[in-house]
Amino acid sequence: MRRWLIFILILVEAGWSQPAPPTASEQEAGFLFRQGLTLLEESQTARAEELFKKALRLEPERLEIRPYLAQALFLEGKSEESLRQLDLYLNLEPADAKVGLYRVKVLADLERYGQAGDALELLRGAHKDKTWEWHNLRGFLLEKKEQPMAAEEEYQKAIELAPKTNFEPRANLISLWLSQDKTEEATKLVSESLSEAP
């Protein structure tokens with residue numbers, strides 16, 4: 001008898017621990033979010049922004065939507081709004097180093113170089129020698145501080161780490177060299193980049 005009672009209790013607890021099926025608004029928010037992601041991939045940023053905002057109105061607690069809304073806003077030239085979305089997300093998910101790095105990019109776009117530099121240093125442990133984006137952003141910020149030699153080192157490191165199909169750090173280094181009249185180095189890197197371009 002005791003075994004049966006324990007068995008029944010386990011069954012009851014298992015039934016109670018099952019998540020409730022999604023509500024109609026949760027389903028609609030999920031659908032809008034997925035549609036927004038597709039549109040973002042297709043560079044239809046204005047429409048993606050609209051769908052992400054609708055999804056958040058239905059489910060404001062769905063944090064995962066905010067970084068994508070921030071990206072759509074940034075690509076639409078709405079950097080201040082993008083930064084607000086990133087801050088809302090990172091207040092609750094401060095350990096998300098990838099989104100933290102995107103926030104640095106937005107701060108740099110807003111020409112808040114001091115804040116961007118501080119935020120970038122906080123991400124050093126998560127990104128240094130792992131992601132080209134960290135070194136590329138650091139190079140950019142050092143260039144803005146008029147430290148071209150240090151900037152060049154960071155761009156070189158970014159080039160080492162970046163996939164061959166990503167030319168952003170090379171373009172930044174070429175631009176830096178041209179600003180210093182290092183045309184020979186810049187021309188050589190342009191030629192290399194063109195030979196590797198698909």
Side-chain angles (χ1 to χ4, degrees), residues 39-49 66-87 89-90 94-198:
L39 291 167
L40 194 58
E41 283 175 19
E42 295 171 355
S43 300
Q44 296 183 47
T45 51
R47 185 79 180 111
E49 175 195 335
R66 293 194 184 276
Y68 294 100
L69 172 57
Q71 187 180 351
L73 288 163
F74 179 73
L75 294 170
E76 283 289 297
K78 301 172 183 176
S79 296
E80 286 285 0
E81 285 183 61
S82 176
L83 185 62
R84 274 194 294 277
Q85 291 300 324
L86 293 169
D87 285 342
Y89 175 82
L90 288 167
D96 192 330
K98 187 175 180 182
V99 174
L101 198 62
Y102 199 79
R103 182 177 179 270
V104 173
K105 185 176 181 177
V106 175
L107 284 167
D109 184 68
L110 289 165
E111 298 182 4
R112 298 184 191 173
Y113 302 126
Q115 279 181 271
D118 292 344
L120 191 66
E121 285 308 307
L122 290 173
L123 296 167
R124 178 184 283 270
H127 287 286
K128 185 170 166 34
D129 297 331
K130 296 173 192 166
T131 57
W132 68 266
E133 294 95 337
W134 189 88
H135 290 280
N136 190 52
L137 277 167
R138 190 154 193 267
F140 176 77
L141 293 171
L142 287 165
E143 194 176 342
K144 289 295 176 186
K145 287 182 180 177
E146 297 183 1
Q147 297 178 34
M149 288 180 71
E152 183 176 331
E153 282 179 32
E154 293 297 337
Y155 288 144
Q156 293 279 17
K157 186 66 181 177
I159 290 165
E160 285 173 33
L161 293 169
K164 293 289 183 189
T165 52
N166 194 303
F167 294 97
E168 187 180 337
R170 294 186 203 196
N172 287 340
L173 182 55
I174 290 162
S175 175
L176 175 66
W177 279 340
L178 289 173
S179 71
Q180 298 175 297
D181 293 324
K182 294 183 177 179
T183 50
E184 192 177 324
E185 293 95 325
T187 304
K188 186 181 175 186
L189 189 53
V190 168
S191 299
E192 284 174 18
S193 301
L194 288 171
S195 68
E196 290 174 15

- Electrostatic pair Lys182:Glu152 at N-O distance under 4.0 angstrom: yes
- Message: Check this for me: does any side-chain nitrogen of one of Glu185 and Lys188 sit under 4.0 Å from a carboxylate oxygen of the other?
- Response: no
- Message: Could you tell me if the side chain of Leu110 sits less than 4.5 Å from the side chain of Glu80, heavy atoms only?
- Response: yes
- Item | Polar contact flag, side-chain donor to acceptor under 3.5 angstrom, Tyr155-Asn136 | no
- Message: Please give me the minimum heavy-atom distance between Arg170 and Ser193, naming the atom from each residue.
- Response: CD-OG, 3.2 Å
- Task: Considering only NZ, NE, NH1 and NH2 on the basic side and carboxylate oxygens on the acidic side, decide whether Lys78 and Glu49 come within less than 4.0 Å.
- Result: yes
- Message: Any carboxylate oxygen within less than 4.0 angstrom of a Lys/Arg side-chain nitrogen, looking at Glu160 and Lys157?
- Response: yes
- Message: Minimum heavy-atom separation for Ala158 and Trp132, please, with both atom names.
- Response: O-CB, 3.3 Å
- Can you find a pair of side-chain heavy atoms, one from His135 and one from Ile159, that are under 4.5 Å apart? no
- Kindly indicate whether the side chain of Val106, heavy atoms from C-beta on, has any atom under 4.5 Å from the side chain of Leu86. yes
- Query: Do Leu83 and Arg112 touch side chain to side chain, with heavy atoms closer than 4.5 Å?
  - Reply: yes
- Message: Testing the basics here: between Leu40 and Ala48, what is the closest heavy-atom pair and its distance to 0.1 Å?
- Response: N-CB, 3.9 Å
- Task: Begin from the C-alpha positions of Lys98 and Thr131 and carry the test side-chain contact (heavy atoms from CB on, under 4.5 Å) through to its verdict.
- Result: CA-CA 10 Å; Lys98 187 175 180 182; Thr131 57; over 6 Å; no
- Task: State the NZ-CG distance between Lys130 and Leu161, to the nearest 0.5 angstrom.
- Result: 11.5 Å
- Closest non-hydrogen atoms of Val104 and Ala116, given as atom of the first, atom of the second and distance, are CG1-O, 3.7 Å
- Polar side-chain atom of Thr187 near backbone of Thr183 as donor-acceptor pair, under 3.5 Å: yes
- Euclidean distance, Ser82 OG relative to Asp109 CG, rounded to 0.5 Å: 9.0 Å
- Message: Main chain of Ala97, side chain of His127: is a donor-acceptor contact present, judged purely on distance under 3.5 Å?
- Response: yes
- Note on the structure: Applied to residues 95-123, the ring-ring contact (aromatic ring centres under 6.0 Å, His included) test, sequence neighbours excluded, yields Phe74-Tyr102
- Taking it one step at a time, do Glu42 and Arg47 satisfy side-chain contact (heavy atoms from CB on, under 4.5 Å)? CA-CA 10 Å; Glu42 295 171 355; Arg47 185 79 180 111; over 6 Å; no
- Task: Please round to the nearest 0.5 Å and tell me the distance separating atom CD of Glu184 and atom CG of Leu189.
- Result: 13.0 Å
- Message: As a quick check of understanding, evaluate salt bridge (charged side-chain N to carboxylate O under 4.0 Å, His left out) for Glu121 and Arg138, giving each step before the final call.
- Response: CA-CA 9 Å; Glu121 285 308 307; Arg138 190 154 193 267; 3.1 Å; yes
- On a heavy-atom basis, the closest approach of Pro148 and Gln180 is CB-NE2, 3.2 Å
- Query: How far apart are the closest heavy atoms of Leu101 and Leu123, and which atoms are they?
  - Reply: N-CD1, 3.5 Å
- Spacing of CG belonging to Leu73 relative to OG1 belonging to Thr45, to within rounding of 0.5 Å: 9.5 Å
- Before giving the answer on side-chain contact (heavy atoms from CB on, under 4.5 Å), spell out for Arg124 and Leu120 the whole-Å C-alpha distance, their side-chain angles and the decisive distance to 0.1 Å. CA-CA 7 Å; Arg124 178 184 283 270; Leu120 191 66; over 6 Å; no
- Item | CZ on Arg103 to OH on Tyr89, rounded to 0.5 Å | 14.0 Å
- Could you grab the distance from atom CD of Glu143 to atom CD of Glu154, nearest 0.5 Å is fine? 12.0 Å
